[in-house]
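Everything below concerns the one structure shown next.
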Amino acid sequence: MSAGNFFPFLNKRIFEHSKKQALMDYDFLQIEKKWQDIWSTKKTFKADNLSDKPKYYILDMFPYPSGAGLHVGHPLGYIGSDIIARFKRHLGFNVLHPQGYDSFGLPAEQYAIQTGQHPSKTTTTNINRYRQQLDRMGFSFDWDREVRTSEPNYYKWTQWIFLKLFDSYYDIEADKAVPVSELILRFKKEGNINVQAYCDKDTPVFSALEWNTFNHEKQQKILLFYRLTYLSETQVNWCPALGTVLANDEIVNGVSERGGYAVTKKRMRQWSMRISAYANRLLLGLDELDWSDSLKEMQRNWIGKSTGASIYFEVENHPEKLEVFTTRPDTIFGVTYMTLAPEHELVSKITNTEQQKAVSDYIALVAQKSDRDRQADAKLISGVFTGAHALHPFTGEPIPIWIGEYVLASYGTGAVMAVPCGDQRDFDFATHFRLPIVNIFDGVDISEGAFTDKGRVKLMNSDFLNGLDYKAALDRVISALESKNSGKGAVNFRLRDAIFSRQRYWGEPIPIYFKGDIPIPLKEEHLPLELPRVEKYLPTEEGMPPLGNAKIWAWDEINEEVVSNDRIDQQFVFPLELNTMPGWAGSSWYFNRYMDAQNQKEWVAPKAMKYWREVDFYMGGSEHATGHLLYSRFWQKVLFDLGYVRTEEYAKKLVNQGMILGNSAFVYRKKGTQTYLSKGIITEHEVEPIRVDVSLVNTHDELNLEGLKNWQKDFQNAEFVLENGKYIVGREVEKMSKSKYNVVNPDEICDTYGADTLRIYEMFLGPIQQDKPWNTAGISGVHNFLKKLWRLFYQKDQWLVNDEVPSPESLKILHQVIKKINDDIERLSFNTCVSTFMIGVNELTALKCSNRAILEPLLILLSPFAPHFCEELWQQLGYTESIEFEPFPVFDPSMVQETIKEYPVSFNGKMRFTIKLSLDMSVEEIKEAIMREQRTLDQIDGATTKKIIVIHGKIINIVF
RNA sequence: GCUCGGAUGGUGGAAUUGGUAGACACGUUGGACUUAAAAUCCAAUGACCAUUGCGGUCGUGCGGGUUCAAGUCCCGCUCCGAGUACCA
């Protein structure tokens, strides 16, 4: 059999390879430059929107181009996705693998505030640097589809989507977003009495007649209560240091995620997105997603669905009703007091004169606290009595109403019915203020604390619920509440509507102008509404957002253009919105734009949308779990409802790459001296560790003292105490960051070892999903592997590749590699792929195998990992076409099978007899063989053979 | 507190469905080549005992269990990481 029969693709090769241009050594710098240039000029990775091939859309989370450039941690995910992209091309897919930049953001703006340099300039500089670094690593991106969220031709469509949201409301009956025009038609016909939609809780009820008598302004105000993006007076997270509001996911531990500044509460008129309308669909949609469990769990917790009941309590001597949400309506007879959030709107209405002062003092005290203080004080119990009483819905008994900090205005109704025997916080509050505690759990001791377990306990002291367990009581009490009209079963979500206004310059302008209070959207044909030039990037002296500094920033309704401030008092000239959109706006739909990135007329042509549909594989960090990954699902669902996209989830498969951590180096200074001790001799001294640049330390943790003295002047006069003539540093794994001097630059690795070595090494470090520290020391093993493989092609100026028929041993090695690589890429186990290659090459080297029929398929297998290396040798083998589109080698089991004739058979670990068997024998045949050896099956328990365990040619067990 | 991960040699990690634990690589030690160095190649490398050859015992955070067989499955803990939190 000739090699050509095993590998049909070998037939088209050109046999005469050119020995003249042969490279003798593995000159990675020259090779990588050469192929990067070829790929770029030939546009090798350009994806076609019209193709007969099946499509495969593989997406990376696009980066924010920061000023620091890339470190070795950033490309990890890109390398993984690039391997899959190249693998899928070998399998015959039309692969879309785009890249772009999430280029609006705070750092460029803060740099502008400090230096006056326009953020677009900073951004362009940073993008160019990123591009250079990305290009060096040989990614197979289709750069013709690049997007930048800060470019007008991109944010034009972000603004367009904003207008779509503005022009939609959520119809609960249809369970989807519907254009507002249909809502207006219904209002005209029947008012809003029967309209079921997600809307503001203060929406008035009106008839068709009333609607038609409302003036335009009133109608618009009502419509704002329904729109999916709406303007409202809300309590926001205000960050004074950044001068802007923040969304919940932009706050970590009570301080701003960026900068770590204090955050307080403030009431402001803000744009919001009605994401809460989609809470249930966002939750249900998770079940269909092939995302990691932890990520889905994070989103579930963030959405925070809880089931229970709404209960309305009458307030003694007041017309208002007090609504609470509870997950434990079954404990209604254990209620001994009520607690409202200090901000609750009823507080001012129901507080009696006696308690007036105490209540207002308490509210003032709470209001001045920052989120962080509030969190820090979480364990302190505080509260005050309002003097008012609620009435128990069943017994009619008065229940004192308190206010307390532990009740949050933003969750549920901002009010709770307190059941001290069934909730630990209520118990603590009751104990602290000596409020009564009633036990309603039969046979449970609650003297030490609340009983929160829902299971296996019967109620007592609970009137008609006595003797019932949790589940039965729940059903009973809800129907009782409903029949009395004092409550109903209810579901509550933790997810809040997303605040969409930012008091920033460097973001998408919101395409809205104002006539008085009424927001008016710009027409589609007037987009993009471009960012104006400003002189200062800070808020104005009147406290308006930075756009207030613009010379030109108003809308002329007659000429339909942006006009200058001087004309603002003219008729039909109206102020434009001065807030901009948040960082997540541009990233919430970019994956759709890649499908048709250069389209000037549409956001995406329907044809392109029909072909690409959705992302097949999304790679990115799990830090976006409750930000980008939630908002983008929300927008996709809106766009789906409105018919602009074809799938409700844009990325069914998502993989989170881990973070590559830095390996910081420390020197140890003896307290109060200029003496630095080597790591091994610090034990008996008091020392303080000081970070030093990791590039000054070699692979054995030895510090380059001369380099250190040049690095920072402080060390020039220092004294160093060595061990064995060397200064050994300490190590600690932490996040890679410039300030920790532990950043490793991929450019340096590319200079020393090449991009292919870097790519393989990053994969070899460990499972792609796992966090792991960077350690440059291990890279030599991977580099040696490439050099070793190179030597199968060249040795001592000799081209070794021959056309001889490969030996069975070498074919076996090849096919073992083919099998493992196919399997392991499929399950994203790139680190074991690398090991497989190393084993294969070691074995082939031992066999001195340089057969073309072995090496060619091997190159194809390796090319997703080391593309430059493989392209170069592929060309030297005589091919003129890129290796990229060669069919991936297919595993042939007959190449690796071996039949062993004689097996020692043991049972329960003890050898019993020897038997002649072949591995492909059926169970029946094996039974016969055992009989032939004059052993009855009874001797081994008399059962039926199901499984023969063979390890290294030895039967160790027969399982029955 | 709750939710989700994780724990394997000196180090990173492998073991896909329960089937020779430690693949592969780094590091270390010894050797070959060399005037020397670099590069390359070879050998050893979980621990302990025996090393005169075979070899033997223990070993995947801890304690139990299931199984002919457990890193893998079940029960109970310890520690580490991530997310989230007065969420009613």
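Numbered from 1 within each chain, the chains take letters A, B, ... in sequence-line order. Everything numeric in this text was worked out from a predicted model, so none of it was measured.
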A/Asp823 bridged to A/Arg827 by N-O distance under 4.0 Å: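 Salt bridge between A/Asp823 and A/Arg827, a charged N being under 4.0 Å from a carboxylate O: no.
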
Ring centres under 6.0 angstrom apart (A/Tyr753, A/Tyr761):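 No.
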
Aromatic ring proximity A/Tyr337/A/Phe429, centre distance under 6.0 Å: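 They qualify: ring centres under 6.0 Å apart.
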
Of the listed nucleotides B/C4, B/A14, B/C26, the one nearest the side chain of A/Glu297: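 Selected nucleotide (nearest to the side chain): B/C4.
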
Among B/C4, B/C41, B/A23, the nucleotide that comes nearest once only the side chain of A/Ser294 is considered: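 Given the options B/C4, B/C41, B/A23, the side chain of A/Ser294 is closest to B/C4.
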
Residue met sooner reading RNA chain B from 5', once A/Met298 and A/Arg827 are mapped to nucleotides: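 Looking at RNA chain B, the more 5' nearest nucleotide goes with A/Arg827.
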
For a quick check of understanding: with a heavy-atom distance under 4.0 Å over all strands, which category does [X] fall into, base, sugar-phosphate or nothing?
| X | result |
| --- | --- |
| A/Leu765 | sugar-phosphate |
| A/Pro773 | nothing |
| A/Lys788 | sugar-phosphate |

Whole-Å gap separating P (B/G1) and CZ (A/Phe427):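 Rounding to the nearest Å, CZ of A/Phe427 and P of B/G1 are 19 Å apart.
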
Rounded distance (Å) that lies between atom P of B/U3 and atom CZ of A/Arg300: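 Computing the A/Arg300:CZ to B/U3:P distance gives 14 Å.
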
C1' atoms of B/A44 and B/G10, separation to the nearest Å: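 Comparing C1' positions in B/A44 and B/G10 gives a spacing of 16 Å.
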
